[in-house]
Amino acid sequence: MKLLSRSFFQQPTLTVARELIGARLHFQNHSGIITETEAYIGQDDPACHAARGLTPRTKVMFGPPGFSYVYLIYGMYHCLNIVTETENFPAAVLIRGVMCDNDHIHLNGPGKLCKAWGITKKNNNTDICLSNHFFVTTGTPSVNVLTTPRIGIKVGIKHLWRFVMSKNDINKLLDI
DNA sequence: ACCCCGATCGTA
DNA sequence: ACGATCGGGGTT
């Protein structure tokens, strides 16, 4: 089980989003296998929060890769992202699904994950390459991954930038 | 100061 | 299909 380093998150966002499927996310006393991600890529991606430039909220996305980007959505749910690519190129991967290690509960949805694990804006801008309570390691290798359009957006739908672990591989995780 | 709207989710 | 709920960001 190897720690995913800054050089991993510095790769193209689509590569990171794809490779994070099957990796293991650790947060405080929680851990689980990532089953679903989405890529948000730079100022030319209309669905990316940073599309309209640098603001107090999107500042993290303009920073170095490997930092958490946590924001509040719809006034009640938090979403966890990990910043990707080089500094000053605003991009991130949204973590949308995790299979919890302990109880095998499948947290299928970014709001459900943050609610279940207690991830809030307090955890924004954390360096997950250096933290010892918030990091990502290698997990289940060579899983099958499907791509679809991203969920819940009205623009940028043409891109297949959502990555989902195959139903078959998710079911295997339930058996472990 | 004001207004619109959103990378969601549970309920109907 | 729809409402809850509130902060971010643009506009006046």
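Chain letters run A, B, ... following the sequence lines, proteins first, then strands; residues in each count from 1.
Ring stacking holds between A/Tyr40 and B/dA7, with the centres under 5.5 Å apart and the planes within 30 degrees of each other. The stacking criteria are not both satisfied for A/Tyr77 over the base of B/dT8, which would need a centre-to-centre distance under 5.5 angstrom and an angle between ring planes under 30 degrees.
In this structure, A/Lys59 atom NZ and C/dG9 atom P are separated by 13 Å, rounded to whole Å. The CD atom of A/Glu38 sits 15 Å away from the P atom of B/dG6 (whole-angstrom rounding). Rounding to whole angstrom units, NZ of residue A/Lys154 and P of B/dC4 are separated by 15 Å. Rounded to whole Å, atom C1' of B/dC9 lies 13 Å from atom CG of A/Leu107. Note: CD1 (A/Ile73) to C1' (B/dC4) measures 13 Å, nearest angstrom. Look at CD on A/Glu36: it is 10 Å from P on B/dT8, rounded to the nearest Å. Whole-Å rounding puts the A/Tyr69 OH to C/dG8 C1' distance at 9 Å. The CZ-P distance, from A/Arg52 to B/dC5, rounds to 12 Å in whole Å.
Close to C/dG8, at under 4.0 Å from its OP1 or OP2, lies a side-chain N or O of A/Lys121. The phosphate of C/dG9 (OP1 or OP2) has a side-chain N or O of A/Thr55 nearer than 4.0 angstrom. The side chain of A/Lys112 places no N or O atom within less than 4.0 Å of a non-bridging phosphate oxygen (OP1 or OP2) of B/dC9. For A/Arg162, no side-chain nitrogen or oxygen approaches OP1 or OP2 of B/dA7 to under 4.0 Å.
Rounded to whole Å, the C1' atom of C/dC2 lies 16 Å from the corresponding atom of B/dC5.
Residue A/Gly111 is classed as a sugar-phosphate contact, given heavy-atom separations below 4.0 Å to backbone atoms only. Residue A/Leu72 is in sugar-phosphate contact alone, with no base atom involved, counting any heavy-atom pair closer than 4.0 Å across all strands shown. Across all strands, A/Arg57 comes closer than 4.0 Å only to sugar-phosphate atoms, never to a base (heavy-atom distances). Across all strands shown, A/Lys115 has no heavy atoms under 4.0 Å from either base or sugar-phosphate atoms.
Nearest to the side-chain atoms of A/Ile151 among the listed nucleotides B/dT8, C/dG9, C/dT5 stands B/dT8.
Across every non-hydrogen atom of A/Leu113 and A/Leu25, the tightest pair is CD2-CD2, 4.4 Å. Here the closest non-hydrogen pair linking A/Asn81 and A/Ala92 is CB-CB, 3.9 Å.
In this structure, A/Phe27 and A/Phe134 have perpendicular ring planes: the angle between them is above 60°, well past the 30° mark.
Between A/His49 and A/Met76, it is A/Met76 whose nearest contact on DNA chain C lies nearer the 5' terminus.
Base-pair partner of C/dT5: not found among the strands shown (Watson-Crick or G-U wobble, both distances under 3.5 Å). Base pairing analysis places B/dA7 opposite nothing; no Watson-Crick or G-U wobble pair with both distances below 3.5 Å involves it.
Residue A/Tyr71 places a side-chain atom within donor-acceptor reach of the base of B/dA7, judged by atom type and a 3.5 Å distance cut-off alone.
Two rings, from A/His49 and A/Tyr71, have their centers less than 6.0 Å apart.
For the pair A/Arg150 and A/Tyr40, the cation-pi criterion (under 6.0 Å, within 45° of the ring axis) is fulfilled.
Residues A/Arg162 and A/Pro149 are not in side-chain contact: their nearest non-hydrogen atoms beyond the backbone lie 4.5 Å or more apart.
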